[in-house]
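Structure first, commentary second.
Computed from a predicted structure; not experimentally measured. Here is the naming used below: chain letters follow the sequence lines, and residue numbers restart at 1 for every chain.
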Amino acid sequence: MEERDFDVIVVGAGCAGAVAAYVAAKQGKTTLLIDRGEYAGAKNMTGGRMYAHALKKVIAKYEGEDFDWENDNPFERKITHERLCLLDPQSAVTFDHSSDNLRKPTSDSYSVLATTLDQWLCDKAEEAGAELIFGIPVEELVKDESGAIIGIRAGEDTFTCHAVILAEGQNALLAERSLGVPRTKDNQMAVGIKEVFELDSKTIEDRFLCPEGEGAAMLFVGDCTHGVVGGGFLYTNKTSISLGLVATIKELSESDTTIYQAFDDFKKHPAVAPIIRGAKMVEHSGHMVAEGGYNSIPETCYDGCLIAGDAANLCMNLGYQVRGLDFATATGQFAAEAVCAAIDAEDVSKAGLASYKVAMDSSFVTQDMRTFKDWPSTMEHWESMFTDYPKMLGEIFDCLFVVDGKPQEHLVKRLMPIIKKRGLFKTGKEIMKAVKSL
Amino acid sequence: MKTLRPITCRVDELISVDKFAVDEENAHIELACDSLSELDAVEFGKLIRVCPAGLYREDENGERAFDYAGCLECGTCRIACADTIVKKWNQPSAFCGVSYRFG
């Protein structure tokens with residue numbers, strides 16, 4: 001093969017990119033990892049929680065099964081409490097689930113902060129031998145006369161390579177401008193707004209009823225977005241709380257609220273305000289989240305280039321489960337392994353890199369995205385999920401718990417009017433449709 | 001497009017806790033015309049609603065404002081309006097823009 005500056009160049013040092021650089025360097029390839037932030041994670045934001053299975057697999061493969069996770073990890077808290085909250089202006093119904101299965105080393109998940117996570121992953125990539133450049137935005141992917149990608153341009157500098165792994169994140173400018181990937185539509189993309197609140201460890205554990213070192217994740221549906229498709233999220237970190245909102249861009253852009261006002265109202269809701277009471281807000285951030293599911297995944301394989309992570313819209317929001325980091329980790333690994341094999345076989349064409357898709361298709365990445373492919377459109381056309389259902393649940397639970405001394409009727413007599421006024425048949429049909437796509 | 005409910009949140013105070021290195025020389029976002037009042041009302045209304053840093057604004061007299069300093073670089077305005085009134089959206093130049101400390 002022709003002489004190049006590097007075997008592999010990875011654009012973007014987020015979760016997908018840092019893992020890709022780590023794997024490529026571990027496989028002995030000369031690797032450049034370049035990111036526009038002035039340090040790892042500086043331009044990155046996550047909700048955030050990582051389901052740890054994918055990271056554990058890649059680390060076990062390249063560091064050994066006996067890797068010391070206890071003393072070497074990028075995690076904040078192990079999530080052992082899962083809460084779902086249906087929010088109405090007048091009520092909040094919260095489910096709290098805790099289970100030993102959430103603690104198992106094969107199905108554990110952790111709250112994370114992007115800067116800590118990315119720094120840890122970048123350290124691993126650097127230890128493996130990758131070269132890291134920070135603070136410089138890549139402006140263009142460089143092509144040869146056939147149109148194959150052979151490098152990157154950043155300002156005055158051009159670096160060549162055998163293959164580029166594009167892990168530039170959700171705002172995928174290079175994919176659009178250099179690879180011709182269609183821009184994600186406003187009904188398939190959401191905007192996330194998040195704040196980090198400092199709070200001491202003990203207060204966090206007390207507020208969320210968690211054992212020492214463990215934490216809670218919480219998702220909110222309903223009034224948090226004032227009826228717009230979306231929801232709220234909360235993750236407990238070691239000494240802070242990540243609290244945020246996500247709303248589909250199209251619906252939000254036609255709604256009666258700004259995202260920051262909706263967030264402000266959410267923070268003041270009686271079910272939310274006590275959580276952050278007395279805590280100091282130390283960061284306000286914004287980030288997009290792909291919400292289009294399987295049908296919004298672009299072509300990921302090109303001559304001399306693969307797309308991994310958020311840049312490929314690999315995110316799944318089921319309302320009760322939000323995933324992206326495990327998809328990023330796995331696709332970073334798969335992309336690097338495909339690139340290394342293609343370089344060894346001296347064929348980095350689209351066909352030569354096709355093992356990337358095979359790896360994706362035979363793993364949870366494509367399979368989970370495909371299983372839940374109908375959920376995004378179900379959600380988009382299900383306004384009552386975000387307005388009336390939380391209210392209905394509030395009314396139902398009021399029937400159980402509100403006592404005013406007047407003689408009561410049997411519970412079923414009190415409940416039926418609540419469901420009947422929404423139409424028994426309509427409600428049942430909506431719920432069945434949702435259950436099928438979940 | 002629905003009428004906006006009253007905005008009581010002071011978003012400037014929120015983004016003031018973040019760390020920025022503003023590129024004074026070069027605006028990484030540019031709108032279709034310098035005179036904001038000439039921009040399409042519906043499109044500008046979208047930007048007001050979706051920007052998590054509140055960089056696009058309109059006061060009670062209809063006076064509009066936009067400032068790229070304070071941008072969180074999420075790209076939401078690009079997805080909302082790149083086909084209409086967001087004319088240019090590039091990443092800020094080297095070592096410029098927001099630097100998250102938590103993320």
Side-chain angles (χ1 to χ4, degrees), chain A residues 36-39 41-46 48 113-118 134-139 154-155 169-173 183-186 189-196 226 237 240 242 247 249-250 252-261 263-265 281-288, chain B residues 1-21 23 28 42-58 70-84 89-103:
Chain A
R36 63 192 188 88
E38 60 171 320
Y39 47 82
K43 299 289 187 184
N44 214 347
M45 184 266 250
T46 177
L113 290 165
T115 51
T116 319
L117 173 65
D118 294 348
F134 286 104
I136 312 290
V138 172
E139 286 160 53
Q170 197 66 80
N171 186 26
L173 288 174
R183 189 183 311 137
T184 307
K185 296 196 170 56
D186 59 359
M189 191 75 100
V191 51
I193 187 169
K194 172 180 127 168
E195 286 177 357
V196 177
H226 296 316
N237 306 311
S240 65
S242 297
I249 294 173
K250 182 175 168 52
L252 177 68
S253 71
E254 295 162 353
S255 75
D256 67 352
T257 186
T258 67
I259 180 83
Y260 57 89
Q261 184 63 48
F263 188 38
D264 195 57
D265 298 342
M281 197 273 277
V282 289
E283 189 163 273
H284 176 93
S285 56
H287 200 278
M288 289 195 292
Chain B
M1 182 176 284
K2 294 178 192 160
T3 309
L4 273 182
R5 54 176 76 201
I7 296 173
T8 53
C9 171
R10 300 160 79 106
V11 67
D12 288 337
E13 290 172 12
L14 301 177
I15 57 173
S16 73
V17 303
D18 293 339
K19 195 180 144 213
F20 293 100
D23 184 354
H28 71 286
V42 170
E43 294 303 308
F44 197 78
K46 289 181 182 177
L47 299 177
I48 293 171
R49 287 162 176 77
V50 299
C51 175
L55 302 182
Y56 303 88
R57 290 186 214 173
E58 196 167 67
C71 176
L72 302 171
E73 298 161 38
C74 62
T76 305
C77 56
R78 190 176 79 85
I79 295 298
C81 293
D83 291 330
T84 57
W89 204 111
N90 288 336
Q91 303 291 7
S93 39
F95 298 101
C96 288
V98 69
S99 281
Y100 290 131
R101 293 155 295 129
F102 297 89

Checklist entry - In terms of heavy-atom pairs under 4.5 Å, which option from A:Asp265, A:Asn237, A:Leu252 contacts chain B the most? => result A:Leu252
Checklist entry - Which one, A:Asp186, A:Ile136, A:Val282, leads in non-hydrogen pairs under 4.5 Å with chain B? => result A:Val282
Checklist entry - Given that the side chain runs from C-beta out, which part of A:Ala172 has a heavy atom under 4.5 Å from chain B: side chain, backbone, both or neither? => result backbone
Next on the checklist: Under 4.5 Å from any heavy atom of chain B, what part of A:Val196 do you find: side chain, backbone, both or neither?
Outcome noted: side chain
Checklist entry - Contact part of B:Cys71 toward chain A, heavy-atom cut-off under 4.5 Å: side chain, backbone, both or neither? => result neither
Checklist entry - Where does A:Glu195 contact chain B at under 4.5 Å (heavy atoms): side chain, backbone, both or neither? => result side chain
Next on the checklist: If I measure from the heavy atoms of chain B, does A:Lys250 come under 4.5 Å with its side chain, its backbone, both, or neither?
Outcome noted: neither
Checklist entry - Looking at B:Arg49, B:Arg101, B:Lys2, which has the largest count of heavy-atom pairs under 4.5 Å with chain A? => result B:Arg49
Checklist entry - Taking only residues two or more places apart in sequence or in another chain, which ones pass side-chain contact (heavy atoms from CB on, under 4.5 Å) with B:Val42? => result B:Met1, B:Asp40, B:Lys46
Checklist entry - Which one, B:Ile79, B:Ile15, B:Val11, leads in non-hydrogen pairs under 4.5 Å with chain A? => result B:Ile79
Next on the checklist: Keeping A:Lys43 on the side-chain end and B:Val98 on the backbone end, is there a donor-acceptor pair under 3.5 Å?
Outcome noted: yes
Item to check | Region of B:Ser99 that comes under 4.5 Å of a non-hydrogen atom in chain A | outcome: both
Checklist entry - At a heavy-atom separation under 4.5 Å, does B:Cys51 approach chain A through its side chain, its backbone, both, or neither? => result backbone
Next on the checklist: Does B:Arg5 have more than 12 heavy atoms from other residues, nucleotides or ligands lying within 6.0 Å of its CZ?
Outcome noted: yes
Checklist entry - Got a sec, which residues hit side chain to side chain donor-acceptor pair (under 3.5 Å) with B:Arg57, two or more places apart in sequence or on another chain? => result B:Asp12
Item to check | Under 3.5 Å donor-acceptor, B:Glu73 side chain and B:Pro92 backbone | outcome: no
Item to check | Minimum heavy-atom distance between A:Val191 and A:Ile249, given as atom pair plus value | outcome: N-CG1, 3.8 Å
Checklist entry - Under a 4.5 Å heavy-atom cut-off, does chain A meet the side chain of B:Thr8, its backbone, both or neither? => result both
Item to check | Engaged part of A:Asp256 at the chain B interface, taking heavy atoms whose separation is under 4.5 Å | outcome: both
Item to check | Point-to-point distance, once rounded to the nearest 0.5 Å, from SG of B:Cys81 to CG of B:Asp83 | outcome: 9.0 Å
Next on the checklist: Has A:His284 got a side-chain atom pairing as donor or acceptor with B:Glu13's backbone, closer than 3.5 angstrom?
Outcome noted: no
Next on the checklist: If we ignore hydrogens and angles and just use 3.5 Å, is the side chain of A:Gln261 paired with the main-chain N or O of B:Cys9 as donor and acceptor?
Outcome noted: yes
Checklist outcome for this item: When the 4.5 angstrom heavy-atom criterion is applied to B:Ala82 and chain A, the contacting part is both
Checklist entry - Can you say whether A:Phe263 sits under 4.5 Å from chain B via the side chain, the backbone, both, or neither, judging by heavy atoms? => result neither
Item to check | Side-chain donor or acceptor of A:Glu283 paired with backbone N/O of B:Phe102 under 3.5 Å | outcome: yes
Item to check | N/O donor-acceptor pair under 3.5 Å between A:Glu139 side chain and A:Gly155 backbone | outcome: yes
Item to check | Partner chain B: residue of A:Gly41, A:Gly169, A:Ser255 with the largest heavy-atom pair count (under 4.5 Å) | outcome: A:Ser255
Checklist entry - Quick check: does any side chain N or O of A:Thr46 sit under 3.5 Å from a backbone N or O of A:Ala114, one acting as donor and the other as acceptor? => result no
Checklist entry - Where on A:Met288 is there a heavy atom nearer than 4.5 Å to chain B: the side chain, the backbone, both, or neither? => result both
Next on the checklist: Which one wins on heavy-atom pair count under 4.5 Å against chain A: B:Ile48, B:Leu47, B:Asn90, B:Ile7?
Outcome noted: B:Ile7
Checklist entry - For B:Pro6, is it the side chain, the backbone, both or neither that has a heavy atom under 4.5 Å from a heavy atom of chain A? => result backbone
